[in-house]
2 protein chains.
Amino acid sequence: MPDSFFEEVRGLHLFSEMSEENFSALMRAAYVQNFPPQIELISEGDPSDFLHVVLSGKVDLFARWNGHETSMATLRPVSTFILAATIRDAPYLMSARTLEKSRIALIPSQDVRAIFDIDGDFARAIVAELALAYRSVVKAQKDLKLRSSLERLANYLLRQQDRAHGAEDFTLPYEKRRLASLLGMTPENLSRALKALKPYGVLVDGNRISITDRADLEGLAKPTPLIDDFLL
Amino acid sequence: MPDSFFEEVRGLHLFSEMSEENFSALMRAAYVQNFPPQIELISEGDPSDFLHVVLSGKVDLFARWNGHETSMATLRPVSTFILAATIRDAPYLMSARTLEKSRIALIPSQDVRAIFDIDGDFARAIVAELALAYRSVVKAQKDLKLRSSLERLANYLLRQQDRAHGAEDFTLPYEKRRLASLLGMTPENLSRALKALKPYGVLVDGNRISITDRADLEGLAKPTPLIDDFLL
DNA sequence: GATGCTAATTGATTTTTGTCAGGCAGGCCA
DNA sequence: TGGCCTGCCTGACAAAAATCAATTAGCATC
C-alpha cells in the first residue's frame, strides 16, 4: 500500500485545498518511514531536505547549545514540522527526535518550494499554518518571560485539563523530565513545584494528575487566552 | 503629499512583487499618522484592525501579564508588524508603543486579507515574511532557554557590534531598562552584568560600549548562527 | 525473587536572579 | 542657582532556581 498515507497527508489543512494535480506532484517523490523511539530525525544546522509529517507516534523538537539542550515543543499526529526552514531553504533551527515508535512522511523540500511557487492556494494554506506557528511561539515566549516556573506549571496543568475535556484527572503525556525541559526548569524543580501545588488542589500519582479545585488553581495560575488559548 | 508614503511601503519585500492594481487597492484606504513618543498604538487583546508599517521612528512590541510587562522586540523603519494577527483575523498577542516620534502607515486588515485571497504573489511574499518572523522568535526562545542572562547580554553586544559593521565602539540603541526587559532581566541585573563583562574587555560609558577584545568576549558568549544570525 | 536500569524524588547547598532602599549625576525649568 | 525630575548605579537582602549527592520507586529481564 505505498499510497495509503496520501489520504492522511491530504487531510491536513496545509494540503486539503490544493489541486489534485499539484498534490500528486508534491507526493511523487514523497515516502513514509517507520522510526523506533529515540531516533534523531533531523539536527539543527542541517539543510532542510524534507518537510516532515508526523502520521503516528510522537516527536520532540529540541535545541542544543553549549552542551545542554532544551525541549521546544512536542508534536503529535497529524502535523508537519520544519515548514519555515523548508520554505526559506535555510538550515533547521531545531532538532527533532522520535519519542516513541513513529511513522513519518517525508516530502522533498524542493518539491514543496516548487509547488509553492506556482500554486496560490497552497501558498495561502502555508500562510495560515505559519501564522499559527508564529503565534504559538510568541505565546510560549510570553509564558517564559512573564511567569515564574510555578505559574508556568500551573497553567500547563490547566491547559492539559482543557485538553482532557475538563476531566478532573488526566495523564501527563510524557516523562516528567521532558515536561520540565519544556517548561524551562530542571526535573528536580518540577518535582518540588508539583508538591508546591498541593495546597491548590493538585494531586500527583506518578503520571496521573487530578485537579480537585480548579478555581483555586486558577487563582494562582491566572490563565489568559492571550497566552494559554491554543487556537488564538 | 498624501501619497508620498506609497513609495516607502512599496519598497518593502512584502509589497514589492504584487501587481500595481492590487497594490493600489491595498493603499486605497491606507493612511499615515504621526505619533509622539510613548503612545500605545495597539493593545494586546484588541481585534487586529490595521496592519502597521513603521516608516520612521522606533516602536516597541511588548506584552503584559498580571501587572508587569516585558519587551518582546523593537522595530525600526521600514518594517511591518502584527502581520500574523491581521492574516488570521485574530486579536493582537502583543501591544506596541512608540519609543520616539514616529510615522506609522495603517493599512486596513480586511483589505490585506481581501488582496491576500486573490493575489498569489502577495500570499507568497507574506509566507516569506512570516517564515522569517517565526524563525526570529524561535531563535529568541533558544536564547532565553539555553543561556544565562550574562551570556544573553554578551551575545547581544556582539550582535550590536556586527550591526555597527564591527566598529570597536558603538551606542546602545535605547535605554538600558528597555534593553534589560528585552533580555529578560531587571535593570539592576543588567547593570551588574555589564560590570561583570569588564574582565572580558567590555567598557561602558553611559550608552557607549566598546569591546576591546572581541575574541575574549566570544569565548564567554559562544555565539552561534543558529541563534544569533539575524538572516538565517 | 534477585539484579540492574532508569526516572523520580529528596535534602543540602550554591548560584543566579529579583527586590528594596538609598544615592548620584545630568537635564530641565522656574 | 536651586529644586526636581529621571535614569542609572550600588549594596544588602530575599527569593527562585540550579546543582550535587543520595535515596527511592518502578520496571524489565534473567
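Throughout, protein chains are lettered first and strands after them, A, B, ... in sequence-line order, and every chain is numbered starting at 1.
We find that A/Arg214 and A/Asp162 are joined by a salt bridge, their nearest charged nitrogen and carboxylate oxygen being less than 4.0 Å apart.
Residue B/Arg208 contributes atom CZ, which lies 21 Å from atom P of D/dG7 at whole-angstrom precision. Spacing between atom CZ of A/Arg177 and atom P of C/dT9 amounts to 13 Å, rounded to whole angstrom units. Between A/Leu99 atom CG and C/dA7 atom C1' there is a gap of 15 Å when expressed in whole angstrom units. Summarising the geometry, the separation between CG on A/Leu172 and P on C/dA7 is reported as 16 Å, rounded to the nearest angstrom. Spacing between atom CG of A/Asp205 and atom P of C/dT9 amounts to 10 Å, rounded to whole angstrom units. Here D/dA18 presents its P atom at 11 Å from CG of A/Leu183, a figure rounded to the nearest Å. Summarising the geometry, the separation between CG on A/Leu190 and P on D/dA18 is reported as 11 Å, rounded to the nearest angstrom. Between the NZ atom of B/Lys145 and the C1' atom of D/dA18 there is a distance of 15 Å, given to the nearest Å.
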Encode nucleotides 13-29 of chain C as B, S and - characters from 5' to 3', where the letter depends on protein heavy atoms closer than 4.0 Å: B to the base, S only to sugar-phosphate, - to neither.
----SBBB---------
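Contact of the A/Gln160 side chain with the A/Ile209 side chain is not registered, since no non-hydrogen atoms from C-beta on lie closer than 4.5 Å. Put simply, the side chain of A/Leu41 does not reach to within 4.5 Å of the side chain of A/Arg97, judged on heavy atoms. Counting heavy atoms from C-beta outward, B/Tyr92 and B/Phe81 have side chains that stay 4.5 Å or more apart.
Checked against D/dG11, D/dC8, C/dT10, the side chain of B/Lys195 finds its nearest nucleotide in D/dG11.
A salt bridge (charged side-chain N to carboxylate O under 4.0 Å, His left out) with B/Asp228 holds for exactly one of B/Lys139, B/Lys222, B/Arg147, B/Lys142; it is B/Arg147.
A/Thr186 places a side-chain N or O within donor-acceptor distance of the main-chain N or O of A/Asn189, the cut-off being under 3.5 Å.
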